[in-house]
Amino acid sequence: MKILIVDDEQHVREAVKLLIDWEQLGINEIYEADNGDSAIEVLGNIQPEIVITDMRMPNRDGVELLAWMKEQGRKSKTIVISGYDDFHLVRSSMKYGGQDYLLKPIDPEQLMEALQKAKQSWEQEDQARRLDQQRSIEINQIKPVYRDKLFSTMISEAGAGGQVNVPAVLKDEFGLEDVEQCQVIILSTGMLEPQISRKFDGNRDLLTFCLINVCNEILKQKNGGFAFRYWNSDHEIIILLWDRLAEWEALLTLITEGIVKSIHGRFHYGVGQAQPFPSGLSLSYQAARTALKQRNLLAESSYIHKSDPSFKAGVNSLSISAYDERFKLAVWSGKEKDIETAVESFLEAAKALPAISQEQIELWRFEYESMLSRWRQVLAAKQELPASSEPPQPGLPLFLLLDEHGRLSLELCRSELINGLTAFAALTGAGGNKEHSIMRDIARYMEQNYNREVTLQDISERFYLSREYISRRFKQEMGENVFDYLGRIRVEKAKLLLQNPNLKIAQIAEMVGYDDDKYFSKVFKKFEGQSPNQYRKL
């Protein structure tokens with residue numbers, strides 16, 4: 001703790017310093033001032049917990065000093081030592097927060113008692129301040145989640161057809177008492193540009209947090225809406241507008257500019273119609289959701305989508321289920337050429353479609369997973385599956401099927417289908433195929449994705465094999481374990497990049513798949529016997 005002694009007489013200051021066992025009190029810093037002005041100068045540099053002051057001093061006296069401290073909101077505890085038993089001075093001392101008023105000559109016991117009392121009072125108030133600060137931090141952390149939940153519940157209640165209650169806390173915070181109309185806009189994080197997907201792979205919460213922050217910074221300036229995570233969907237951020245609804249296009253332009261500036265990517269918006277508030281929340285939400293599902297993924301269109309009343313789901317659609325038998329025969333043959341031919345026949349039909357929507361992709365994904373699940377059940381019933389095999393994981397994630405411009409890539413669809421069906425054939429040992437090695441496919445996958453975070457679990461889910469089986473067979477066939485193989489690929493790529501003197505080591509580490517440049521250096525040294533910097537110098 002720190003203490004400031006203010007008195008125009010030096011011998012009084014010295015007496016105060018000598019009369020008290022400061023170490024016992026836990027006070028290890030003692031400062032001095034000879035009048036109110038010099039005390040204020042000292043207080044500008046330090047924050048003492050206790051101030052002992054005389055009342056009668058030249059320039060600024062003790063009363064003026066106490067008044068200044070109260071005006072400035074200083075939390076220091078004050079003890080007055082005065083040679084005057086003056087009611088006016090005592091009253092002024094109490095008025096400005098004086099803890100005690102002691103008369104000269106100083107009584108050591110009275111002074112010690114006053115100091116202990118001041119210290120105890122300070123510690124109690126400081127603890128209370130810390131608790132209040134901690135509670136404030138906790139409330140600020142919980143508050144956004146609570147608001148998200150309340151707004152999400154309102155949309156759900158509106159969809160259920162019952163009466164929608166606007167919570168009082170939202171009315172007070174956002175001034176929703178007199179709102180008559182609203183509009184829902186969905187910012188979708190399910191259709192990511194590949195570079196954004198790679199950047200935030202495995203950390204979607206961070207992406208959502210960044211996007212909501214950008215949206216609310218813009219909305220706060222316009223004072224007419226709020227953006228929040230929609231609890232009923234993992235890939236939707238709701239932008240809820242309730243004022244100046246006609247300006248939604250200009251608002252989305254500002255939000256897009258902010259997102260491009262901070263995240264360097266673009267996102268798609270589904271725009272619902274203006275509806276009565278709060279009863280029309282669900283109708284506006286459903287229209288926004290429909291607009292996103294109707295988006296033609298083959299076209300390089302706007303990032304802003306409104307639902308088309310003339311759109312008819314199922315018209316000109318294509319079903320994977322219709323190719324079930326053809327795919328199954330190809331997989332059961334165990335021949336890559338047969339699988340490729342079956343996939344090509346499906347994609348030829350897909351290329352003839354005038355449009356492919358997100359809804360169509362979601363249907364394909366569902367049908368694909370159902371098809372693999374049925375096959376697995378058939379093989380399990382015949383006891384033709386290895387005991388260590390695991391059920392197929394969800395395939396064809398939408399963001400992996402989009403090109404750099406956010407359009408559907410049928411070539412990527414082709415690769416995904418061929419890889420998935422070939423992996424299933426290898427898992428079952430269908431057709432006794434000895435030519436194909438799934439481990440070489442895994443090696444190829446790592447060579448193509450060395451710059452992303454690749455885990456054994458990712459490989460397991462992608463190739464429908466258990467992690468234990470992959471670890472064992474990969475080492476048998478490739479001569480080293482999975483992560484040594486991946487590390488070697490990354491180091492070879494890094495060696496090429498190190499030839500560019502304009503690239504920093506941390507940049508190169510990130511480019512070859514390492515978030516931590518120190519760990520990258522450790523891996524590099526393991527394979528090359530020298531650090532990246534040493535290699536670069538050579």
message: Closer than 4.0 angstrom, basic N to acidic O: yes or no for E9 and K104?
response: yes
- prompt: Do F228 and R147 come within less than 4.5 Å of each other through their side chains, counting heavy atoms only?
  reply: no
- request: Classify the side-chain pair Y285/Q275 by whether it contains a donor and acceptor separated by less than 3.5 Å.
  value: no
Pair R74, Q47: side-chain N/O donor-acceptor within cut-off below 3.5 Å: yes
task: Report yes if some heavy atom in the side chain of K261 is under 4.5 Å from a heavy atom in the side chain of V214; otherwise report no.
output: no
- request: State whether the number of non-hydrogen atoms from other residues, nucleotides or ligands found under 6.0 Å of E113 atom CD is greater than 12.
  value: no
- prompt: Out of E64, M69, R60, which residue meets the side chain to side chain contact (heavy atoms under 4.5 Å, CB included) rule with I40?
  reply: R60
message: Taking side chain to side chain contact (heavy atoms under 4.5 Å, CB included) as the criterion, tell me which of D100, L115, V6, V80 meets it with I52.
response: L115
- prompt: Considering residues at least two apart in sequence or located in another chain, which fulfil the side-chain contact (heavy atoms from CB on, under 4.5 Å) criterion with R56?
  reply: Y84, D86, L89
message: Does Q72 have more than 12 heavy atoms from other residues, nucleotides or ligands lying within 6.0 Å of its CD?
response: yes
task: Determine whether more than 12 heavy atoms belonging to other residues, nucleotides or ligands lie under 6.0 Å from atom CD of E510.
output: no
field: Six-ring centre of W122, R129 cation under 6.0 angstrom, axis tolerance 45°
entry: yes
field: NZ or CZ of R490 within 45° of Y514 ring axis and under 6.0 Å
entry: yes
query: Going by distance alone, is a donor N or O of one side chain under 3.5 Å from an acceptor N or O of the other, for D7 and T53?
result: no
- prompt: Taking only residues at least two apart or on different chains, which pairs with a member in residues 160-181 satisfy ring-ring contact (aromatic ring centres under 6.0 Å, His included)?
  reply: F151-F174, F174-F226, F174-W242
query: How about D172: does its CG atom have over 12 heavy atoms from other parts shown lying under 6.0 Å from it?
result: yes
Approximate separation, where rounding is to 0.5 Å, of S233 OG and I238 CD1: 8.0 Å
query: Salt bridge between E236 and R229, side-chain N to carboxylate O under 4.0 Å?
result: no
- request: State, yes or no, whether a side-chain contact exists between I239 and L219 at a heavy-atom distance under 4.5 Å.
  value: yes
message: Just checking K2: does its NZ atom have more than 12 heavy atoms from other residues, nucleotides or ligands closer to it than 6.0 angstrom?
response: yes
Interatomic spacing from CD1 in I304 to OG1 in T253 - rounded to 0.5 Å: 5.5 Å
query: According to the ring-ring contact (aromatic ring centres under 6.0 Å, His included) rule, which pairs have a member within residues 28-69, sequence neighbours left out?
result: none
query: Under 6.0 Å from the CG atom of D515, do we count more than 12 heavy atoms belonging to anything else shown?
result: no
message: To the closest 0.5 Å, what do you measure between CG (L498) and CD (Q534)?
response: 12.0 Å
message: Contact between L25 and M112 at the side-chain level, heavy atoms closer than 4.5 Å - yes or no?
response: yes
query: Taking atom types as modelled, is there a side-chain donor on D205 or T208 under 3.5 Å from an acceptor on the other?
result: no
The single option from K119, K77, K75, R130 passing salt bridge (charged side-chain N to carboxylate O under 4.0 Å, His left out) against E125: K77
task: Examine F524 together with Y535 and report whether their ring centres are nearer than 6.0 Å.
output: yes
message: Tell me if a side-chain donor or acceptor on D61 pairs with a main-chain N or O of M57 at a distance below 3.5 Å.
response: no
message: So which atom in N232 and which in S156 form the shortest heavy-atom distance, rounded to 0.1 Å?
response: ND2-OG, 2.8 Å
query: Taking 4.0 angstrom as the limit, do D484 and K526 come out as a salt bridge?
result: yes
query: Can you find a pair of side-chain heavy atoms, one from L4 and one from V42, that are under 4.5 Å apart?
result: yes
Closest non-hydrogen atom pair between R536 and N500, with its separation: NH2-O, 2.9 Å
message: Are more than 12 heavy atoms, taken from residues, nucleotides or ligands other than K220, located less than 6.0 Å from that residue's NZ atom?
response: no
